[in-house]
Amino acid sequence: MTKLLSRLLACCLALLVFTQVNAKELIDDFKIEEGVATFTQEKKFSFLSTPIKSSGLFKVYKHNILWQVNSPVFSKLLIIDNEIWQFIEPNNSEVKTKDGIANHYRKMVTHASIETLIQTVFTGTINEEQWDTTVKSEQCLLLQPKDTLLAQAISLLELCLGEEEGEREVLITDTQKNTTKIVLTQTKNSLSDEDINEFNIH
Amino acid sequence: MNLTSINKLYVWCVQCIIFVVILLYLAANQPVSINANLTALFDNNTNDDWKAIQQQFNTGASTKQIYLIGHSSLDIAKEAANTFVNQAGNIDGIDSVTGKLSNIPNQSMMINSYSGFEQQLLLPAFRDAITHQDLEKIFKIEFELINQIGEQLVAQTIEKDPTLSFAHFLNRSPFPQNKINITSDGYLTVPHNNLVYNLVTISTKEGALNVNKAKSIVESLNAIPLTPEVDYVRTGGIFYSDEASRSAESEMKLLGGLSIIATLFLIFISYRRFSVVISTLFLISISILYGFIGLNIFFKEVNLLTMIFAITLVGIAVDYSFHSFTELQRIKATQRSPLSTIRMSLVLSFITTTLGYTLLVVVPIVLFKQIAVFTVFGLLGALLTVLLVYPYLHQKFDFSRQKPLVFYAKANRLHQKLFNLNVKVSIAAVCIIAALCITSLFNISFVDNPKSFYRVSDALSNSEVKVKEILGQKFDNQYLLVKGDSAQTLLENEEQLLPLLNQLKSTQVIGSYQAISQWLPSIERQKKDNQLLVNAGNNQYFSQFSSLLGLNANKVDIATQYLTPESWFETPLGKTYQSMLIKDAESYYSIIRFSNITDVAVLSATFAELKQSVFVDTLADTEKELSVFREVLLMIFAIAFLTAFIVFIFRYGWKRACVGVLVPVFAFTIAIALSQLFQGYINLFNVAAGLVVLALGLDYSVFYAEHGFSQSITQTTLMSALSSIFVFAMLGFSATPAIASFGQTVFIGIVITFLFSPIITKVHGFESRKKRKND
């Protein structure tokens, strides 16, 4: 009986260790250190019959993110050193600093939790202080926010590796059961000098 | 009236009892508090409404203190924060301690704050797009909002406002900090360098500028046991006050103690009697007591620097003791009025010194007033003690039993030799000194930054930098103060400023700003924005968005009621802005705060022309005022010089008056020149030192003019100079730059004054001629 119990305990421990290792490996698989990817986004609201669709591309460089929506309207955000900068249309709102340098970006005052979400969605960087992580399947991780402000907006984040190489699917479920599905396809693993230049906000 | 020694003692006792009773009465009813405000050097009793409001805002701001408690494990950091919050909450003087999200409004609270007013709030971008009929821009704003990852605003507000103007209005943070997270159990956390910090905010009952309160709170905070391996970082006004107070206290003890010991040792060596040492110690104690009585009578609050400058009183007060004991060494104990010969000199010396210090009272710098009152009262106590107590002590202890020390006879001869030097050598020496002084004075640079008067420890300033780094943005010390006759006019005045502020933000002169009107538009603005939105709806400006959603986004209701300050300030969001509004009997005032100012000069120049608002930069304002008062002080110096000159002319004739007054002026000039050479700059305290040099220098001139270049006068002036040098040279080593500047200049000035003041005996005025005739 004691033998049986100890074997059972050993099996449980092995399973626990395997799950932990598996979760860690999955987290590593989601990470994008540097590269370019395209995305399509579909937002379903409970109060709308048709989903809101958009598409664009994003670039990751040294933990910084450029998120560019191309359709149906153009917009660009840069997340640099935990600060969000919004691109301003050069034709009508270009502003110059006191030194005369054209400044195409305006710093947005947002909350850290939004940056956490964007970082997690687009780079797969999962901060375990901010997310509770569970393995859903071989390809999928479930994340629940620990941060209160984020938890007020998001109830669940599902990250899945796609069938194709470099493909990922993200499903965000908010507290009102509205969902946002984002499909990401990594097209490049490194950035050109031109791409890197885009991370220069001035 | 020629009283006996015992009757003089009785008179002294009576007046002393009266003063002590006054002190006790004042201390019981209105005790003096000690203030450590770096910029509170000027009078507080201003009639300027703006200044009074500024003080209210500044005091309110100094009640906030921050602790960041960090560990690599969030749970340990939270537990450490909990322990700290529980213990700090029991400290007397602390109003509240919080480590949790209790007063930060969440999104639902913010939406509810505007319930019923959703379609009358527009941000400039939305307003501009409608005004310019830019339908593409309107759709872009709407689409970006609905497409934003993780935002709930649209879902929660679209029912009340399908135009999304309200969601756009709320889609920003009311706080400049952007690095704070909130845990599920409500803790405010910030990740930094592999540690997670818990933010704990402390609100004290009084501002940090009350030193005694600040000190007791910091002592209690320091007594809280800290969790091992947990990083505690803190910043706030009380920590600066506490450090300034500790530094002042230790300097007072060390420098004051050393100078008193050195002075008493000098007295013992010179008179070889313990009774003289004890009597002088008694005189010093009485003069300090009288100084405090003066402060209690005239002030409710005393600056910390005054307490340090109080040491200078010791140097001046003991001079009376030296003059008296040197005289008493020559007078028999049985003589009825043993100090009659030097009484006039003592009184004259008191008058000239008092005159010098009284002039400081007219300077609108409260610190100088306090120093003047303390010194004048202290010297009055010393003079009364010398004239009324010393004759009795002489009768008891017979100070004439010890003959003067031979050393002073030698010193006198040596000093005499200085004036018999070879003319060529003298001229060469004077030329070298003059060249040095002129070069130095031509390169003089004045520094009036009040921050340079104090030296903040590296630990404190590093701590503040670290807190700023961990938390992200933090408000700068400068702010814009806006005035209005009513709450509505105040909001309207603020709204007129917003385009200018946005321009400054876009040109990166400021990083961001915080104003009440950003979140509470005036009723006039709400009316206009609602009208604009109604017209836009009627003209189908939101049709593109309507077709995307399959809803009617052009539905806008006409506003029938408007959001008022009274109701908004009661909402969770409004409550966080309450401290930014102050009302006095006639007007309303609000502040607009800035973060990440990159160019204060541009900001100051931009706001200079504005009406109904004032740009407040306390440090720069103080700097400006200090530079003016440095010039005023030089004027006072000139007036003191002229007054002394006139008194001297009447007493000693114009030739001796010229010499008697010019020697301290000459000494001060060299002292300033050398201070510039050593320090690299001159500040207000170097200039203020001139008055002490003048006061002591005139004393020496009076005694030399009255009693000649005798051994006894050499003894008293040398002792006086040495005791003053002990005090001021000690101050030169102070860790507080302002005090070190003062001590250094006075030290140099006194050495030079002592060396050259006997010149007055080489010039014959009518007084000396009269004296010689009588002799």
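Just so it is clear: chains get the letters A, B, ... in the order the sequence lines come, proteins before strands, and each one is counted from 1. Here the structure is a predicted model, which means the values were calculated and not measured.
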Should we say atom CD of B/Glu79 is surrounded by more than 12 heavy atoms from elsewhere, each under 6.0 Å from it?
-> no
Would you mind checking which part of B/Leu549 comes under 4.5 Å of any heavy atom in chain A, side chain (CB onward), backbone (N, CA, C, O), both or neither?
-> both
Using a heavy-atom distance cut-off of less than 4.5 Å, which residues of residues 167-184 of chain A contact chain B?
-> A/Ile172, A/Asp174, A/Thr175, A/Gln176, A/Asn178, A/Ile182
B/Leu504 versus chain A, heavy atoms under 4.5 Å apart: side chain, backbone, both or neither?
-> neither
Which heavy-atom pair separates B/Ala155 from A/Phe47 by the least distance, and what is that distance?
-> CA-CE2, 3.8 Å
Not counting sequence neighbours, which residues clear side chain to side chain contact (heavy atoms under 4.5 Å, CB included) with B/Val600? List them please.
-> B/Gln478, B/Ile597, B/Phe615, B/Asp617
When you look at CG of B/Asn194, are more than 12 heavy atoms from neighbouring residues, nucleotides or ligands closer to it than 6.0 Å?
-> no
Determine which residues belonging to residues 50-60 of chain A lie within contact range of chain B, meaning some heavy atom pair is under 4.5 Å apart, and list them by number or answer 'none'.
-> A/Thr50, A/Ile52, A/Lys53, A/Ser54
Atom pairs and distances, side-chain donor-acceptor, residues 122-131 of chain B, under 3.5 Å, sequence neighbours left out:
| unit_1 | atom_1 | unit_2 | atom_2 | d |
| --- | --- | --- | --- | --- |
| B/Arg127 | NE | B/Asp529 | OD1 | 2.9 |
| B/Arg127 | NH2 | B/Leu122 | O | 2.8 |
| B/Arg127 | NH2 | B/Asp529 | OD2 | 3.1 |
| B/Thr131 | OG1 | B/Arg127 | O | 2.6 |

Side chain A/Lys43, main chain B/Ile146, donor-acceptor under 3.5 Å | yes
Pairwise distance OG(A/Ser49) to CG(B/Leu551) - rounded to 0.5 angstrom = 7.5 Å
